[in-house]
Amino acid sequence: MFADFTGQQKVVDNIKIFVQAAKQRTESLDHVLLHGPPGLGKTTLAFIIANELGAHIKVTSGPVLDKPGDLAGLLTNLELHDVLFIDEIHRLNPVVEEYLYSAMEDFRIDIMLDSGPNARSVQINLNPFTLIGATTRAGLLTSPLRARFGITARLEYYESRLLTGIVTRSADILNSPIEKDAAYEIARRSRGTPRIANNLLRRTRDFAQIKGDGTITKAIAQFALKALDVDENGLDEMDNRILMAIIEKFKGGPVGLTTIATAVSEEAETIEEVYEPFLIQEGYLKRTSRGREATELAYRHLKVALPPSLSKGPGLFD
């Protein structure tokens, strides 16, 4: 339920009001678009909305819906006020997306029967339903599809304080005792993402079980995170490799994305979508029109001497 969902307070408060209003009017909730970086709880929130509405939820994803017939089968089986959840909705087939427009707006779909001279269109009315779409790349959604969502919510990265509560709750579910300091240590190295925090917690639990007495202490957490190559600031081995390649091989940049990808033996798309957002957000990397550049913070983090362009001379009053 909403009470079990930690963080994203403004988003949850707004959706809670929309859900209560829809239930009072005995109408289906407006279509909802949830977008934001991966691992922040979009799918979890979709299930919570369905639970709060007291409705059934059918789950699918954009790449799976290959033909209009696949979508028609899903939509015609929805009962009154049911929820259809489409993950990675930006990857919908354009032909399927066209069918979705009339389904979202008028709750009906047109199906073509036969072909050639005998072709005819049949309209099928649908039960009013709520479509919840989740995407990590809202910019790739077409304007007509985005405009049909009455409720749009962006999920943001979490603070360490909120993540500590999530780690503690997850440890209780896993029946794994954890000290408060250890929970904070895992939380602050989790890139502001609950999914990463939960993954690190599971691996730390393994270390506590084998190297300790089963209780996750701060010392065990630090030992486990070091073994997993997650440093003090939450940067993993690939993050550090990317920064080191820019600094050592390309004099701090600017350098193109494909060149960095070749230097660290990783796909350019993976660097752009997985590693780069966190590095830019934390101030280790900046994206310019000429390419990527390492910041002063990156040099200090890797304990590399600052180049003349970044090192400041004595100030006026020094």
Side-chain angles (χ1 to χ4, degrees), residues 1-62 64-65 68 70-92 96-110 123-138 140-156 158 162 166 194:
M1 309 303 281
F2 283 129
D4 302 315
F5 192 85
T6 305
Q8 313 295 342
Q9 202 58 53
K10 188 175 181 182
V11 169
V12 171
D13 287 345
N14 286 344
I15 293 178
K16 197 183 294 185
I17 289 170
F18 303 146
V19 166
Q20 288 172 353
K23 285 172 73 176
Q24 281 184 14
R25 293 193 300 263
T26 61
E27 295 175 356
S28 58
L29 180 69
D30 253 356
H31 304 302
V32 183
L33 177 64
L34 303 172
H35 62 101
L40 298 186
K42 293 184 290 294
T43 305
T44 304
L45 196 52
F47 276 88
I48 288 174
I49 290 170
N51 277 346
E52 291 279 359
L53 287 168
H56 297 107
I57 183 169
K58 294 244 171 62
V59 181
T60 185
S61 67
V64 171
L65 298 172
D70 301 334
L71 180 66
L74 273 174
L75 294 174
T76 51
N77 284 320
L78 291 174
E79 296 175 11
L80 187 66
H81 302 159
D82 270 2
V83 172
L84 173 63
F85 175 60
I86 302 180
D87 199 10
E88 298 299 320
I89 196 169
H90 66 273
R91 294 176 63 189
L92 270 177
V96 175
E97 190 178 305
E98 292 284 344
Y99 268 78
L100 201 53
Y101 295 160
S102 59
M104 292 173 72
E105 212 157 43
D106 305 318
F107 299 116
R108 72 166 65 94
I109 50 172
D110 293 323
Q123 278 196 347
I124 297 178
N125 290 321
L126 305 170
N127 288 315
F129 69 97
T130 298
L131 173 68
I132 301 179
T135 177
T136 52
R137 307 186 71 182
L140 294 184
L141 282 178
T142 60
S143 296
L145 181 59
R146 198 183 305 119
R148 282 170 170 80
F149 286 99
I151 302 166
T152 303
R154 174 177 172 78
L155 274 60
E156 303 288 349
Y158 284 68
L162 289 172
I166 291 172

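Keep in mind that the numbers below use all heavy atoms, side chains included, and drop hydrogens, waters and symmetry copies. Note that the structure is a prediction, hence the values are computed from the model and not measured.
- Nearest heavy-atom pair across Leu71 and Tyr99 is CD2-CB, 4.0 Å.
- Separation of atoms OG1 (Thr130) and CG (Asp82) is listed at 9.0 Å; rounding is to 0.5 Å.
- The structure places CG of Leu141 at 7.0 Å from CZ of Phe149, a figure rounded to the nearest 0.5 Å.
- Put simply, the side chain of Asp13 never gets that close to the backbone of Lys10: no donor and acceptor are under 3.5 Å apart.
- Using a distance-only test at 3.5 Å, with no hydrogens or angles considered, no donor-acceptor pair links the side chain of Arg91 to the main chain of Gly62.
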(request) Report the C-alpha separation of Asp30 and Phe18 in whole Å, then their side-chain angles, then the decisive distance to 0.1 Å, and conclude whether the side chain to side chain contact (heavy atoms under 4.5 Å, CB included) test is met. (result) CA-CA 8 Å; Asp30 253 356; Phe18 303 146; over 6 Å; no
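- To the nearest 0.5 Å, the span separating CD on Gln20 from CZ on Phe2 amounts to 8.5 Å.
- Taking each heavy atom of Ile166 and Tyr158 in turn, the nearest pair found is CD1-CE2, 3.8 Å.
- Leu126 has its side chain out of reach of Leu78: every pair of non-hydrogen atoms, C-beta onward, lies at least 4.5 Å apart.
- At least one side-chain heavy atom of Lys42 sits less than 4.5 Å from a side-chain heavy atom of Thr136.
- Atom CZ in Arg148 sits 8.5 Å away from atom OG1 in Thr142 (nearest 0.5 Å).
- Here the side chains of Ile89 and Leu33 are in contact, with some heavy-atom distance below 4.5 Å.
- Contact check for Ile151 versus Leu29: side-chain heavy atoms found under the 4.5 Å cut-off.
- Put simply, the side chain of Tyr101 reaches to within 4.5 Å of the side chain of Leu145, judged on heavy atoms.
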(request) Take Val12 and Ile48 through the side chain to side chain contact (heavy atoms under 4.5 Å, CB included) test and state the conclusion after the steps. (result) CA-CA 10 Å; Val12 171; Ile48 288 174; over 6 Å; no
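- In this structure, Leu155 and Gly41 approach most closely via the heavy-atom pair CD2-C, 3.9 Å.
- Proximity of Leu74 to Phe129: side-chain heavy atoms (C-beta onward) are nowhere separated by under 4.5 Å.
- Nearest heavy-atom pair across Ser61 and Ile86 is C-CG2, 4.0 Å.
- In terms of modelled atom types and a separation under 3.5 Å, the side chain of Gln8 and the main chain of Glu156 share a donor-acceptor contact.
- Contact detail for Ser28 and Pro128: the closest heavy-atom pair is OG-CB, 3.8 Å.
- Note that CZ of Arg146 is 12.5 Å distant from NE2 of His90, once rounded to the nearest 0.5 Å.
- Counting heavy atoms from C-beta outward, Val11 and Leu45 have side chains that approach closer than 4.5 Å.
- His31 places a side-chain N or O within 3.5 Å of a backbone atom of Met104 that can act as its donor or acceptor partner.
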(request) Could you walk me through whether Val59 and Phe47 pass side chain to side chain contact (heavy atoms under 4.5 Å, CB included), step by step? (result) CA-CA 9 Å; Val59 181; Phe47 276 88; 3.6 Å; yes
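- Rounded to the nearest 0.5 Å, atoms CD1 (Ile109) and OG1 (Thr76) are 6.0 Å apart.
- Side chain of Ser102 to main chain of Arg108: a donor-acceptor pair is present (N/O by atom type, distance under 3.5 Å, no hydrogens or angles).
- Side-chain contact between His81 and Leu53 is absent, with no heavy atoms from C-beta onward closer than 4.5 Å.
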